[in-house]
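A quick note: this is a predicted structure, and the numbers were derived from the prediction, not measured. Per chain, numbering begins at 1; letters A, B, ... match sequence-line order.
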Protein chains: 2
Amino acid sequence: MTTTSGLGREQPPKVTLSDVARAAGVSVATASKALNKRTHVKEATRLRVEAAAAALDFTPNFFARALNSSRTNTIGMVTSDLDNRFVLPILLGAEDAFGSGSLSVLLADARDDVLREQLHIETLMSRKVDGLLIVGRTTNPRPPASVFADVPVVYVYAPSTDDSHMSVTPDNVLAGRLAVRHLLDSGRRRIALVNGEASYAAAQDRAAGVTAELADHGLELVGGHSLFGQWGEAWGRDCGRLLATGDSGIDAVIGGSDHIARGVLDSLRDLGKRVPDDIAVIGFDNWDILVQESRPPLTSIDMNLQHLGRVAAQRLVDAIAGTVQPGRSYEPVHVVARQSA
Amino acid sequence: MTTTSGLGREQPPKVTLSDVARAAGVSVATASKALNKRTHVKEATRLRVEAAAAALDFTPNFFARALNSSRTNTIGMVTSDLDNRFVLPILLGAEDAFGSGSLSVLLADARDDVLREQLHIETLMSRKVDGLLIVGRTTNPRPPASVFADVPVVYVYAPSTDDSHMSVTPDNVLAGRLAVRHLLDSGRRRIALVNGEASYAAAQDRAAGVTAELADHGLELVGGHSLFGQWGEAWGRDCGRLLATGDSGIDAVIGGSDHIARGVLDSLRDLGKRVPDDIAVIGFDNWDILVQESRPPLTSIDMNLQHLGRVAAQRLVDAIAGTVQPGRSYEPVHVVARQSA
DNA sequence: CTGTTAGCGCCTTCAA
DNA sequence: TTGAAGGCGCTAACAG
């Protein structure tokens, strides 16, 4: 008994492999082989060992095992996700891909600081992680981290600037195309794009998708190009007001993010424009708290973050298993239609 | 050279403690003591060993160390944070409290499922985590998890129903009081509370704080009690409209969450009420994306999540060190004044 | 103060 | 097919 009252169940007596071996009447070596389904062990004795292990509730000591430099069944995840938006969906996807229970994830936060990031990576490597997931904050390509050659790395969200590295990024060009397609499907033709900051790859890619899809239909953006600005509601409101009061005759606005789209929505409302009847509005990210209860609820392009995580984890697993599949992949996104468009 | 092109730097030859010892001309044991600042080692030799270690870029083998069943410098963090809001701030706080680099965090997501949670806890214990941070999704007390008695646990956000366990929760009663105090300070007297769901401890506690603080000033809520409903903008809008058009003569509304407060804000705006001139509005959580660009920017009570994480981690550290400090603690929150109140 | 001797629990030769 | 022996890298206990 410990002195701490009622703080938990008793630690069961540690049962080691040699306990199992003794119980099964074999040597430790044989027990080891039996449990690891290794070299030919007589079926009967294997069963006996397994029974003994089960009876004693044997759990192999993780550290003793790792000491003999095998796999650790641990991956490291380094993030700089200041918005707190990507980590969990991606973690969930990763847990799914690995099959629950088998794998553990060491999480570290780099706080968007290269030095901290490298420090954490060193720590993780000293813990012999089997692989590394490096999760970025934007989709802007980022310089690769310095990692031992035998530790596979998958960059998630923000790809590595080195194309030969494994990177998994949402397909923002597709996102732009889908937004346009959705609007065209409901008969819109005069579309404006109120975009985020031009320094963001996401903004550029979405714009590229939008203009490309429009071009495929012989159209172009109202005003000829996307309006780069800030990622915020205020920018959305400002542009929304200008667009709706001008003589542009627009019938749809694409917001560069849900934030922006909400700003647009609010300004249109102020001006008495009906959404979607007069003007349709669509956003990117499908961030529930922004999208579900706006007036009207906002149609948005979902970035499929959990899928992203699953793919990233799967590629990592493959790489750990030796099947390297270098290069960037751009993962699909999809429209979530609500009432604004 | 590996065959994978440019995927990382070469794995340096493993340097072990005995390499260091040899280089320093001492025994392995001495080297160990020297590096761990253990028993009295002559200053000179300690320096020599440290120099050798540095020269060889020695990193102690984590698993060999853990095998001797000392500390693992690892804590487990189990979350059910579906909203994706608490994990990172709390992780940050924990990293701070432990002093960076020294500690690693194994993160697992329970998806709000008791079985999954217990499964993850077992895995974490098999990895000999020094302690466990169990992060909830609400502040409702939750049944304790089953954990070995020698593994300290701190419940964060959602406390354990067992009062003797260590729990760290934001002080929602204080939050309610602070909201009222802030409004009273600016001369408001007729205050309504549009609250979230009654089944949430957070809603109840905030309401309790609000009414208590009002009572201390000889006041009570307009309508006599808080309006429980849903945690959403729509509910805020509905109530906002009712309150503003009725004859209650309110001069301030407290929203049970930033969501709700934003709804209130929007409805007041629709009705031509000026905020804060006619009616002040204040929310809870200080969730940046909701709060910063509303019209006007929303005054809100910040739950201090990073602080919460730091405290939780600190208590965990203390418990690991043997200084158990059982019981719940309620951590302070603070007003972030913007323009709405 | 320093070195020698034993393990920690497991896996892996190698011999039987 | 099985077992004995050695070692992974480190720390702890005891001698010197």
Looking across every strand, which nucleic acid part, if any, lies under 4.0 Å from B:T30 by heavy atom: base, sugar-phosphate, or nothing?
base
Within the 4.0 Å heavy-atom criterion, would you say A:F58 contacts the bases, only the backbone, or no part of the nucleic acid?
sugar-phosphate
Determine: side-chain N/O of [X] to OP1/OP2 of [N], distance under 4.0 Å, yes or no.
{"X": "A:R65", "N": "C:dC11", "answer": "yes"}
{"X": "A:S32", "N": "C:dC11", "answer": "yes"}
{"X": "A:T45", "N": "D:dT2", "answer": "yes"}
{"X": "A:S27", "N": "D:dG3", "answer": "yes"}

Among [options], the nucleotide that comes nearest once only the side chain of [X] is considered:
{"X": "A:V41", "options": "D:dT11, D:dT2, C:dG3", "answer": "D:dT2"}
{"X": "B:A29", "options": "C:dG3, C:dC10, D:dC10", "answer": "C:dG3"}
{"X": "B:N61", "options": "C:dC14, C:dC1, D:dC10", "answer": "D:dC10"}
{"X": "B:V28", "options": "C:dC11, D:dT11, D:dG3", "answer": "D:dT11"}

Integer-rounded Å distance: [N] [atom2] and [X] [atom1]:
{"X": "B:N36", "N": "C:dT2", "atom1": "CG", "atom2": "P", "result": "15 Å"}
{"X": "B:L67", "N": "C:dC10", "atom1": "CG", "atom2": "P", "result": "9 Å"}
{"X": "B:K14", "N": "D:dG7", "atom1": "NZ", "atom2": "C1'", "result": "17 Å"}
{"X": "A:R127", "N": "D:dG9", "atom1": "CZ", "atom2": "P", "result": "18 Å"}
{"X": "B:F63", "N": "D:dC10", "atom1": "CZ", "atom2": "P", "result": "13 Å"}
{"X": "B:K33", "N": "D:dA15", "atom1": "NZ", "atom2": "C1'", "result": "10 Å"}
{"X": "A:N73", "N": "C:dC10", "atom1": "CG", "atom2": "C1'", "result": "15 Å"}
{"X": "B:L35", "N": "D:dT11", "atom1": "CG", "atom2": "P", "result": "8 Å"}

Would you check, one step at a time, whether the test salt bridge (charged side-chain N to carboxylate O under 4.0 Å, His left out) holds for A:R22 with A:D19?
CA-CA 5 Å; A:R22 193 172 328 113; A:D19 295 326; 3.5 Å; yes
Can you work out whether B:A64 or B:R48 has the more 5'-proximal nearest nucleotide on DNA chain C?
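Comparing both residues, the 5'-ward one is B:R48.
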Would you check if A:T16 and A:V28 make a side-chain contact, meaning some heavy-atom pair closer than 4.5 Å?
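With C-beta onward as the side chain, the pair stays apart.
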Does any donor-acceptor pair link the side chain of A:N68 with the base of C:dC10 at a separation under 3.5 Å?
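Donor-acceptor pair under 3.5 Å: yes.
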Do the ring planes of A:F63 and B:F62 sit parallel (below 30°), tilted (30 to 60°) or perpendicular (above 60°)?
perpendicular
Exactly one candidate in A:V153, A:V135, A:L124 meets side-chain contact (heavy atoms from CB on, under 4.5 Å) with A:V78; the answer is A:L124
Qualifying residue for side-chain contact (heavy atoms from CB on, under 4.5 Å) with B:L316, from B:L132, B:L133, B:V156
B:L133
N/O donor-acceptor pair under 3.5 Å between A:D130 side chain and A:N73 backbone
yes
Base-pair map of DNA chain D as dot-bracket, where | denotes pairing with a different strand and pairs are Watson-Crick or G-U under 3.5 Å
||||||||||||||||
Show the numbers, then the answer: is there a salt bridge (charged side-chain N to carboxylate O under 4.0 Å, His left out) between B:D112 and B:R142?
CA-CA 11 Å; B:D112 215 23; B:R142 44 150 294 153; over 6 Å; no
Would you please say whether a donor-acceptor pair under 3.5 Å links the side chains of B:T169 and B:S167?
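Absent: no donor and acceptor within the cut-off.
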